[in-house]
Amino acid sequence: QVQLVESGGGLVQAGGSLRLSCAAPGSIFSINAMGWYRQAPGKQRELVATINSGGSTNYADSVKGRFTISRDNAENTVYLQMNSLKPEDTAVYYCNADIMVAVGIGLDAWGQGTLVTVSS
């Protein structure tokens, strides 16, 4: 099992910014798509943004124009820059990666989650 390591959550006022990071171990073979999901209290986990190995991105409508996903393939790391934060962005944010641990052997890896709290 591969564990992704997240960092960067915290408490911020509405209108502020935060940057989340998520790193995969350096020993893996390769990474396909990477992404961020979030789960607010009492709600289901939802997609925030994804980025494939070529750099193409996809965003939830609720974060378009405010959040930016990027990745550093050399460091096996994905980032989420969050600007103009709103109280409704408050959630536990999870990173996800479609990882190849060897040729033909893939798995779906998740981070432990990092809490983002946006105060009004």
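Counting from 1, the numbers follow the sequence of the chain as shown. Worth saying up front: this structure is predicted, and the values here are computed from it rather than measured.
To the nearest 0.5 Å, atom CG of residue N32 and atom CD1 of residue I51 are 13.0 Å apart. Separation of atoms OG1 (T77) and CE (M34) is listed at 7.0 Å; rounding is to 0.5 Å. The line from CG of N96 to OG1 of T50 is 9.5 Å long, rounded to the nearest 0.5 Å. Expressed to the nearest 0.5 Å, how far CE of M82 lies from CZ of R19 amounts to 11.5 Å. Residue E6 holds its CD atom at 7.5 Å from CG of L20, rounded to the nearest 0.5 Å. Once rounded to the nearest 0.5 Å, the distance linking CD of Q13 with OG of S119 reads 5.0 Å.
For E46, the salt bridge (Lys or Arg N to Asp or Glu O under 4.0 Å) partners are R38, not counting sequence neighbours. Contacts of V118 classified as side-chain contact (heavy atoms from CB on, under 4.5 Å), with partners at least two apart in sequence or in another chain: V12, A14, L85, P87, D89, T90, V116. With sequence neighbours left out, S17 forms a side-chain contact (heavy atoms from CB on, under 4.5 Å) with Q81, N83. Taking the side-chain contact (heavy atoms from CB on, under 4.5 Å) definition, one finds that V101 meets it with V2, I99, I105, L107, sequence neighbours left out. Under the salt bridge (Lys or Arg N to Asp or Glu O under 4.0 Å) criterion, D108 pairs with no residue, sequence neighbours left out. Residues passing the salt bridge (Lys or Arg N to Asp or Glu O under 4.0 Å) test with K64 are D61, sequence neighbours excluded. Partners of Y37 by ring pair (Phe, Tyr, Trp, His ring centres under 6.0 Å), not counting sequence neighbours, listed by chain and number: W110. Considering only residues two or more places apart in sequence or on other chains, E88 meets the side-chain contact (heavy atoms from CB on, under 4.5 Å) condition with K86.
The ring pair (Phe, Tyr, Trp, His ring centres under 6.0 Å) analysis of residues 54-106, with sequence neighbours excluded, yields no pairs. Every pair tested for salt bridge (Lys or Arg N to Asp or Glu O under 4.0 Å) that includes a residue from residues 67-78 fails, sequence neighbours excluded, so the list is empty.
Annotation for L115 and A91: closest pair CD1-O, 3.6 Å, computed over non-hydrogen atoms. Nearest heavy atoms, L4 versus A24: CD2-CB, 3.6 Å. Contact between W36 and S21 at its shortest, heavy atoms only, is CH2-O, 3.7 Å. The two residues A60 and L47 come nearest to each other via the heavy atoms CB-O, 3.4 Å.
Other cluster members for F29: M100, V103, joined by side-chain heavy-atom distances under 4.5 Å among Ile, Leu, Val, Met, Phe, Trp and Tyr. L11 shares a hydrophobic cluster with no other residue; no ILVMFWY side chain has heavy atoms under 4.5 Å from its own.
Here the side chains of I28 and N76 are in contact, with some heavy-atom distance below 4.5 Å.
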